[in-house]
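Here is the structure we will look at, set down as structure tokens.
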Amino acid sequence: MLCASLWITKGSDDNTYKAEYNLGTKTTNAAAGKSSTEVHRLESPTVHGVEFAFVASTVTLFFAQVGAGGQVMRLVRSLSRAGLKFCLVLIALLAATQIIARLSWSLPESGPFPAGALPLSARVPWQSPQVSAVHCVTEWAVERGRRFRQAPMLEARVQSRELPAVEDRVPENPLVIIPPEQCGPYGGTWERLATSPGDIPNGIVGRVCYEGLTRYGPMGDEILPNVAERWAVEDDGRSFTFWLRRGMHWSDGAPFTVDDILFWYEDVLQNSELTPTLPNYLVRGGELMKVEKVDDFTVRFRFKEPYGIFLKLIAGRYGDYMIQYSARYMRQFHPRYTPLAELEKQAKQKRFDFWYQLFANRHDWTNPDAPRLTAWVLKRPPPAAPIVFERNPYYWKVDSEGNQLPYIDRVSVGIFDLETLNLKASNGEVGMQGRNIAFSSYPLFMENRERGGFRVLNWLDGGDAMNALCLNLNHKDPVVRGLMQDFRFRVALSLAINRDELNQVCYFGLGQPRQACPSPSSAYYSAEYEKAYIEYDPGEANRLLDEVGLERRDSHDFRLRPDGQPLRLTIETSSAMVYPQLIQLVADHWTAVGVKTEMRLLARDLWQRRVDALLHDVTVWTGAGEYIPILDPRYFFPHNIGSYYALNYMRWYTSGGKRGEQPLPDMLRCIDLYRQIEATPDDAEQVRLFKQILDIDRKNLWVIGLVGELPAFHIVKNTFRNVPENAVFTFVFRSPCNTAPECFAIEEN
């Protein structure tokens with residue numbers, strides 16, 4: 001595999017840097033950090049500031065991605081029907097895209113920062129921004145003074161004294177976003193589409209407007225400063241100290257301090273009516289994390305045991321919970337600060353039975369009065385159509401020229417059914433969107449690009465686009481449960497699936513038949529697991545089904561259970577799934593080997609209730625960010641509520657053995673390995689241990705994968721600026737927030 005590594009050294013004058021990068025052939029995955037062979041060392045000239053990084057990092061990405069995945073050649077082969085000319089153009093475009101794929105500043109994900117030290121990105125000498133493939137971050141240089149500019153829509157509010165001057169709204173040390181393309185311009189409305197108001201908490205609030213103490217970078221290979229300007233890891237990974245930005249404000253102008261985090265910790269997390277069950281990611285050694293206020297802008301989290309993956313978890317999936325509660329606002333709905341009788345009266349006025357329902361309602365995203373730290377805050381809540389978010393006048397980030405972000409004035413969200421949503425997207429009626437964009441509409445989007453005035457970007461999928469078939473190992477019917485728990489039965493069903501047909505019919509040949517495991521671009525990749533039992537072999541499937549006691553058949557040639565009853569399976573999933581045709585094809589493949597199977601699409605709430613009650617035979621859902629699988633290992637052992645194949649085993653794990661059923665012996669082994677992963681801060685050791693989990697998974701095949709390695713394509717209007725050509729897209733990074741949507745801009749001319 002071709003690969004490259006980048007080395008950065010500081011010059012003697014503290015204002016120059018030198019880059020060296022090794023280019024050669026690796027025998028293992030590049031992201032695993034192993035030594036390379038046949039290395040050719042190239043040395044860049046010594047240059048000022050960050051210029052060298054753009055060249056070195058783009059060379060690194062091109063060779064690492066093209067070598068690791070071979071995606072270019074697979075894409076060419078799959079599109080051969082489109083003609084040689086199209087393929088040649090496509091190769092040129094993809095090569096150009098990869099060469100400018102990213103600018104990377106090195107920031108350890110789990111290593112300690114000495115107290116008082118700044119991460120590398122905060123120590124870059126100030127200079128004018130350069131054009132790069134993705135955004136990067138730095139800190140505002142004190143010597144530049146406090147001269148900032150604001151959006152024109154805020155000028156009148158300042159003049160009327162409704163708002164303070166921008167210099168008084170921006171913190172002492174605002175985070176600087178250096179856009180990948182240009183600074184500004186201000187203005188415009190970002191049009192987006194959703195399938196329901198319930199789609200917005202995840203699609204907009206949790207992805208476009210996501211803010212945490214830290215954030216992942218565009219390629220997911222670095223953790224960047226965000227609300228916290230720096231951090232330190234001490235006491236062998238038991239203590240995590242974060243320094244907040246001084247002078248930050250909530251969207252209503254109230255100061256943001258450690259007291260807001262303490263309110264979450266003391267009054268929300270530890271209030272049993274608001275939080276009946278403590279989240280596992282905050283518990284180590286059976287004890288809840290301790291939170292200590294060092295001063296108004298310094299907070300320390302302490303755990304009983306070492307917690308090597310804590311920084312990774314709060315950079316993405318869990319990082320926003322602890323900074324969502326404005327103490328000043330939310331105290332008026334909490335019985336510790338407001339008389340309970342008064343709260344109960346307010347609750348009844350809003351048709352609630354209990355005070356904690358009122359509290360949850362006032363904190364909910366649908367309340368435009370609740371203060372936020374996000375770039376856009378709710379202006380027009382549902383049932384208004386469209387739902388509108390408007391710029392936060394107190395947002396705490398600026399660009400490299402001192403312009404307060406965001407550039408875009410508003411985010412407008414229209415509600416439509418999935419089919420209409422995709423038709424509107426193909427007409428160019430979205431600004432930038434990947435969520436709810438159906439892969440089946442890919443040819444339509446490519447055909448309508450010029451007419452609709454948009455481009456189609458193929459981001460790297462972090463695993464979310466994969467589908468996972470989950471057989472219910474905790475089935476209520478003991479006969480079906482016995483079959484589900486028989487390894488031979490699961491292997492037979494996997495061998496009965498014609499994945500090449502699925503790939504061609506549903507994904508135009510752009511995917512890769514594979515099991516539900518990390519992709520080749522991940523440090524956690526396992527080629528053995530990826531290819532396990534994915535060949536289409538109905539003959540062997542039939543033999544295994546006979547072997548497990550299903551050799552008898554009825555008059556229609558369908559198999560009978562060991563007790564003589566007809567064997568019938570139903571694959572249930574939510575009507576929100578984008579690929580029902582895929583599921584129907586799987587049902588047809590299983591029926592062809594005598595396992596009569598039907599597909600059932602249910603409303604999402606009904607589907608969720610049935611799955612939670614263990615009433616399903618088989619269900620299917622999307623991937624879970626397998627690019628860094630330790631962040632959400634739901635498909636590798638019964639870890640969380642998304643482990644649909646073994647929810648009763650999951651309940652045992654999450655309750656410490658108080659509920660559910662004790663998992664199978666190999667699952668217990670995976671749980672033990674994961675606990676070791678949680679305890680070590682060493683990235684290489686985390687990878688080594690998780691590959692042992694993958695080996696156990698390969699030998700058990702608890703979850704059946706179908707097709708993966710699909711491009712995560714996005715529709716982007718030609719008027720949009722600063723949207724990167726490439727990034728890793730996955731929920732565990734809260735994509736697209738890892739590409740800094742606050743610096744997206746609309747340039748109509």
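Only this structure's heavy atoms are used, side chains among them; waters, hydrogens and symmetry mates stay out. Sequential numbering from 1 along the given sequence is applied to the chain's residues.
Using a cutoff of 4.0 Å between basic side-chain nitrogens and carboxylate oxygens, R246 and E172 are not scored as salt-bridged. A salt bridge links E572 to R610: one of the charged nitrogens lies within less than 4.0 Å of a carboxylate oxygen. Ion pairing between a basic and an acidic side chain is recognised when a charged N comes within 4.0 Å of a carboxylate O; E390 and R410 show such pairing. A salt bridge links D199 with R435: the closest approach of a Lys/Arg side-chain nitrogen to an acidic carboxylate oxygen falls below 4.0 angstrom.
Looking at Y635, its side chain never comes within 3.5 Å of a backbone N or O of P629 through a donor-acceptor pair. R215 places a side-chain N or O within 3.5 Å of a backbone atom of Y210 that can act as its donor or acceptor partner. Checking side-chain atoms of S643 against main-chain N and O of H639 turns up a donor-acceptor pair under 3.5 Å. Here the side chain of R734 pairs a donor or acceptor atom with the backbone of R317 at under 3.5 angstrom. Remark: side-chain polar atoms of Y307 are paired, donor with acceptor, to backbone N or O of Y281 under 3.5 angstrom.
Donor-acceptor pairing under 3.5 Å is lacking for the side chains of Q404 and Y186. In summary, the side chains of D612 and Y644 do not present any donor paired with an acceptor at a separation below 3.5 Å, with no hydrogens or angles considered.
With contacts defined as side-chain heavy-atom distances shorter than 4.5 Å, the pair I178/D399 does not qualify. At least one side-chain heavy atom of W355 sits less than 4.5 Å from a side-chain heavy atom of L274. The shortest distance between side-chain heavy atoms of W190 and V208 falls below 4.5 Å. Counting only heavy atoms from C-beta outward, the side chains of H135 and N722 never approach each other to under 4.5 Å. In this structure the side chain of R245 never reaches within 4.5 angstrom of the side chain of F297, judged on heavy atoms. In this structure the side chain of V258 never reaches within 4.5 angstrom of the side chain of T298, judged on heavy atoms. Considering only heavy atoms from C-beta on, L311 comes within 4.5 Å of V233 through its side chain. You'll find the side chain of V283 stays beyond 4.5 Å of the side chain of E305, heavy atoms only.
Taking the six-membered ring where tryptophan is involved, the planes of Y318 and Y321 are tilted, since the angle between them lies from 30° to 60°.
Two rings, from W396 and W250, have their centers 6.0 Å or more apart. Residues F303 and F310 bring their aromatic ring centres within 6.0 Å.
Exactly one residue among F240, Y265, W231, F242 makes a ring pair (Phe, Tyr, Trp, His ring centres under 6.0 Å) with F301. That residue is F242.
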